[in-house]
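Start at 1 and go down the list; that is how both ligands and their atoms are numbered. For reference, positions follow the sequence shown, starting with 1.
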Amino acid sequence: MSQTSSQARDGFTSTFGVLAATLGSAVGLGNIWKFPYLTGENGGASFLLVYVIATLLVGLPVMIAEITLGRKAKSDAVSGLMKLAPKGQPWWLIAVMGVLAAFLIMSFYSEVAAWVFAYIFKALDGSILSTDPNVTGAAFGALISNPLQSLLWQWLVLALMGGILLLGVSRGIEAITKKLMPLLFILLLVIGIRSLTLPGASEGLAFLFSPDFSKITGGVLLTAMGLAFFKLSIGMGCMMTYGSYFRADQNIPATALRVMCADLFVSMLAGIAIFPAVFAFGFEPSAGPSLLFITIPAVFASIPFGHFFMVLFFVLSAIAATGAMLSLLEVPVSVVSERFGLSRVKATVTILVVLGLVGSTCGLSNSSLAEFKIAGKTFFDLFDYLSSNIMLPLGGICLSLFVGWVWGREKLEEALTNGGTLPLAIVGPLFFLLRYVSPLLILIVMLKGLGLF
Ligand code: PFF
């Protein structure tokens with residue numbers, strides 16, 4: 001519980017704390033699991049290029065806008081949009097869609113986190129330490145096809161998140177992310193260096209850095225843009241919620257830019273840790289969601305003290321996943337507790353129980369429910385697709401339109417410059433991007449990706 005809840009809203013307490021928590025939301029399984037496997041499935045460097053462009057042109061402006069709206073409103077995302085929008089206009093529906101997206105994302109994300117947590121123990125007993133893809137692949141297959149194990153790990157992860165959230169914003173989220181993010185950077189750097197020095201690693205680098213433009217299709221464009229949204233935790237009110245905990249004197253564009261750069265850097269490090277090893281050991285870059293879980297153990301198996309480092313890697317990955325999950329949960333928890341007046345404890349417990357049920361559909365997607373498909377996708381794939389490729393971009397369009405056409409330049413400038421005390425040259429270009437470029441670009445990519453034109 002927040003220590004200050006009766007007098008003032010809980011919030012982040014220091015500039016570094018704000019940065020760490022925001023980065024903690026952005027950096028997560030998206031970097032070490034989703035980014036590498038999507039890059040592997042969608043042709044490597046050309047995908048990476050589109051992803052970086054989407055991050056710069058759409059991701060960064062939307063992130064700045066969301067945080068600014070949040071800090072201005074100082075409340076949960078639904079109430080925030082109600083406060084900021086002219087009376088009677090239903091812009092708050094963006095946040096309702098965001099709450100829904102949070103449930104869908106948490107459903108599959110908590111399952112991947114469950115695999116990561118389980119891998120800490122598999123790493124400890126050494127059962128996955130092998131350079132043979134058959135061994136690492138079989139170990140992963142055994143884990144995800146066991147319904148009981150999948151569910152128990154998933155529920156354990158959800159319960160753990162509940163415990164941390166109950167500690168509140170500054171003592172729970174901020175304290176944990178602040179301590180552990182730097183460690184993850186360092187370990188990824190170590191793995192990256194080892195992966196690069198494996199014989200045959202250069203093919204992996206070429207895959208990651210020499211683009212083949214013929215691989216870019218409408219579907220690839222949408223996947224890359226969806227990843228940009230997912231990575232920066234935008235388009236669903238998450239950054240708006242975190243923005244509401246920002247301090248009044250925080251430089252929002254500078255914080256967002258730092259988070260974006262650090263996040264890209266972590267993804268690149270993960271790519272450099274994984275792809276050279278994929279090619280060196282003869283794995284398939286397009287292995288899909290299992291990529292992280294079969295290649296990383298193989299890299300460690302070829303390193304002195306690899307056993308120790310592998311345990312550390314999965315511990316840090318679990319921590320990175322935790323920072324992201326806390327931010328995902330914070331969206332519905334803050335809406336339910338602030339909007340509907342439930343205590344934080346009750347809100348958290350209610351949401352986690354619902355998630356335990358909804359999320360089970362994803363937890364069982366590789367076992368009992370593997371054959372149950374909607375539009376050819378398991379629940380896991382469907383929730384992932386719907387959230388990243390439809391809901392987040394749609395949220396991005398609506399938020400840009402809201403700032404660009406409804407809230408307006410003056411209010412944006414006033415909020416961004418901390419009431420005029422922070423001279424910023426970027427307000428004009430940012431406003432232009434939000435008013436015209438982002439909404440149009442997102443719309444075109446969505447329509448193209450969905451095959452609608
Ligand atoms: N950005 C997180 C990651 O890349 O792992 C995932 C995420 C967190 C998405 C929070 C959306 C969100 F609101």
Side-chain angles (χ1 to χ4, degrees), residues 20-39 51 54-55 59-60 62-63 66-67 70 76-77 94-116 157 161 165 173 177 180-181 184 188 223-245 256 259-260 262-271 289 292 316-335 351 355 362 383-396 399:
T22 314
L23 195 59
S25 167
V27 172
L29 296 174
N31 307 68
I32 44 191
W33 166 72
K34 205 172 201 220
F35 167 79
Y37 100 69
L38 286 180
T39 306
Y51 164 65
T55 299
L60 188 62
V62 173
M63 187 181 193
E66 243 191 73
I67 297 177
D76 66 274
I94 306 174
V96 172
M97 183 170 70
V99 169
L100 261 173
F103 273 95
L104 293 190
I105 295 176
M106 264 310 282
S107 294
F108 70 86
Y109 203 93
S110 59
E111 182 55 23
V112 183
W115 303 338
V116 170
V157 166
M161 295 312 116
L165 267 178
I173 300 178
T177 44
L180 297 162
M181 293 312 295
L184 182 70
L188 272 174
T223 307
M225 191 180 70
L227 178 66
F229 275 89
F230 184 87
K231 276 302 322 110
L232 296 176
S233 316
I234 52 176
M236 50 168 284
C238 179
M239 279 299 147
M240 209 181 144
T241 308
Y242 268 30
S244 76
Y245 304 129
V259 169
M260 186 211 82
D263 181 63
L264 259 182
F265 183 62
V266 177
S267 291
M268 296 313 304
L269 279 181
L292 168 78
L316 292 172
S317 302
I319 291 163
T322 300
M325 282 189 286
L326 292 176
S327 70
L328 274 160
L329 286 168
E330 189 62 23
V331 178
V333 166
S334 61
V335 169
I351 279 156
L355 255 176
C362 294
F383 287 6
D384 186 359
Y385 185 86
L386 278 181
S387 52
S388 285
N389 293 3
I390 312 244
M391 295 166 94
L392 302 188
L394 204 60
L399 283 163

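Minimum interatomic distance between Ala262 and Leu23 (heavy atoms only, all atoms of both residues): CB-CD1, 3.7 Å. The two residues Met325 and Ala113 make their nearest non-hydrogen contact at CE-CB, 3.5 Å.
Panel note: side chain Tyr109, backbone Leu29; a donor-acceptor pair is recorded below 3.5 Å.
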Pairwise, report which nitrogen or oxygen atoms of ligand 1 are under 3.5 angstrom from protein nitrogen or oxygen atoms, and how far apart they are.
unit_1	atom_1	unit_2	atom_2	d
ligand 1	1 (N)	Ser25	O	3.1
ligand 1	1 (N)	Ala26	O	3.0
ligand 1	1 (N)	Phe230	O	2.8
ligand 1	1 (N)	Lys231	O	2.9
ligand 1	1 (N)	Ser233	OG	3.1
ligand 1	4 (O)	Ala26	O	3.0
ligand 1	4 (O)	Gly30	N	3.4
ligand 1	4 (O)	Lys231	NZ	2.4
ligand 1	5 (O)	Leu29	N	3.2
ligand 1	5 (O)	Gly30	N	2.8
ligand 1	5 (O)	Tyr109	OH	2.4

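Ring pair Phe108/Trp33 is tilted by interplanar angle, where 30° to 60° counts as tilted.
Take Asp76 and apply the salt bridge (Lys or Arg N to Asp or Glu O under 4.0 Å) test, not counting sequence neighbours, and it matches no residue.
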Worked verdict on Ser233 versus Ser327 for side chain to side chain donor-acceptor pair (under 3.5 Å)
CA-CA 8 Å; Ser233 316; Ser327 70; 4.8 Å; no
